[in-house]
Amino acid sequence: MNNAKSSEAWRRSQKFIPGGVNSPVRNFSKVGGNPLFIQRGQGAKIYDIDGNEYIDYVASWGPLILGHAHPHILQAIRGAMENGTSFGAPTELETELAEMIVNAVPSIEIVRLVNSGTEATMSAIRVARGYTARDKIIKIDGCYHGHVDYLLAKAGSGIATFGLSDSAGVPADFARNTLTVPFNDAEVVRQTIEANPDQIACVILEPIMGNMGIIPPQEGYLQGLREITAQHGVVLIFDEVITGFRVAYGGAQSLYGVTPDMTCLGKIIGGGMPVGAYGGKKEIMQQVAPEGEVYQAGTLSGNPLAVSAGIATLKTLAEPDVYDQLESTAQALAEGLFDATISNGIDAFHSRVGSMLMLYFTGAEVVDADGARTSDVDRFNRYFWGMLERGVYIAPSQFEAGFVSLVHSEADVEGTVRSANEALSRL
Ligand code: HOZ
């Protein structure tokens with residue numbers, strides 16, 4: 001694999017950008033090597049500046065469920081751009097996207113658009129705190145909700161990839177009100193709420209963990225959280241930044257039939273443009289300024305280019321059979337990878353929900369973050385390079401999800417499985 005130009009580009013970028021990247025997990029240091037610099041994407045493929053072609057399962061970390069440079073999205077962005085790039089004033093496009101979200105996501109009656117998933121979770125928690133007049137929150141070990149100060153404790157994604165327990169620069173005082181409990185254990189949430197009577201504002205979690213690999217909720221877990229939080233007047237927040245419009249049009253909450261009080265969105269609803277959203281019950285969202293007293297604002301919130309890309313994405317996802325197609329492609333891929341680990345005698349745990357999938361290099365069953373941490377990351381790193389050298393681009397971290405998009409073909413799946421067989425046979 002020739003990556004001379006990427007190596008040179010990285011040498012240069014490190015002079016001006018921390019680690020040469022604008023988000024830590026993009027850096028390949030944990031898999032050992034330098035990141036590829038991407039020139040363009042088309043459909044299921046990306047092309048680096050050295051001219052190498054890869055089947056892409058990173059999909060910009062989730063948003064590109066339609067693949068790269070989808071004509072509907074490009075057309076929508078071009079159309080919006082002709083009218084100008086930002087106004088800082090309401091547009092009808094924002095209402096159109098908000099209405100689509102409200103109609104799709106069971107818990108959302110009112111929604112506010114922001115610029116990233118981080119902004120969405122931070123704002124939702126502020127609203128939950130304002131609504132309940134309580135300070136403490138419960139977060140789940142291994143869930144990642146963006147780089148909000150008090151949410152970096154025991155977070156997944158880059159925090160897990162780089163083996164950190166949290167981030168420097170967060171005053172202990174800021175994290176004092178964050179209580180952390182394991183995933184898939186509703187009883188410990190009950191105990192924590194009861195040990196802190198009338199003090200817990202919210203429980204926030206990814207209903208399917210997607211930043212510690214993929215960890216689905218066990219039967220009854222989400223229902224249990226719903227009952228416990230309702231009993232104690234605690235706001236239940238689902239962070240569906242990854243799962244929203246990914247595992248089903250209505251997100252994980254529609255898949256599992258559990259309706260939280262608030263939901264955070266991002267990624268897919270911007271079609272590859274920067275976006276986020278938080279919403280929920282009217283009564284709670286009425287706390288948000290200017291209706292209520294919880295302040296939250298943003299110069300570029302509801303940006304017309306991002307909103308247009310989001311509308312085009314959701315319209316395409318609303319077409320018949322889209323989720324069936326995603327399911328059958330992802331299922332074929334997961335089965336192929338499963339067979340490949342068996343025939344190569346590799347200790348592996350496979351996890352998949354819809355078009356999100358993960359191969360953990362562990363013999364343990366992964367039901368929470370501690371299970372994910374049993375993975376042999378050195379083995380994963382060798383697998384990562386084996387796949388990359390064979391033209392398959394997976395995330396450079398054992399803890400980042402793989403995403404199948406609508407444009408992955410049978411040939412892509414077959415090629416990926418062939419590459420996995422070869423890569424695994426050389427571990
Ligand atoms: N937080 C993202 C992964 N879960 C990473 C975003 C990025 O590096 O682009």
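Note that ligands are numbered from 1 as they come in the structure, with each ligand's atoms numbered from 1 the same way. Given the structure is predicted, the values throughout are model-derived calculations rather than measurements.
- Checked against the 6.0 Å centroid threshold, Tyr221 and Phe183 count as a close aromatic pair.
- Between Lys5 and Glu8 there is no salt bridge, since no side-chain nitrogen of the basic residue lies less than 4.0 Å from a carboxylate oxygen of the acidic one.
- Closest heavy-atom contact between Leu205 and Leu225: CD1-CD1, 3.7 Å.
- For ligand 1, the polar-atom distance check finds no N/O of Tyr144 at less than 3.5 Å from any of the ligand's N/O atoms.
- Ranking the protein heavy atoms by distance from atom 8 (O) of ligand 1 puts Ser23 OG, 2.9 Å first.
- Checked against a 6.0 Å centroid threshold, the rings of His350 and Tyr360 do not count as neighbours.
- Nearest protein heavy-atom neighbour of atom 4 (N) of ligand 1: Asn211 OD1, 2.7 Å.
- Counting only heavy atoms of the protein, atom 5 (C) of ligand 1 lies nearest to Val25 CG2, 3.5 Å.
- Among protein heavy atoms, atom 3 (C) of ligand 1 sits closest to Glu400 OE1, 3.2 Å.
- With Tyr278 as the aromatic partner, Arg112 does not meet the cation-pi criteria of under 6.0 angstrom to the ring centre and within 45 degrees of the ring axis.
- Between Arg26 and ligand 1, at least one N/O pair is under 3.5 Å apart.
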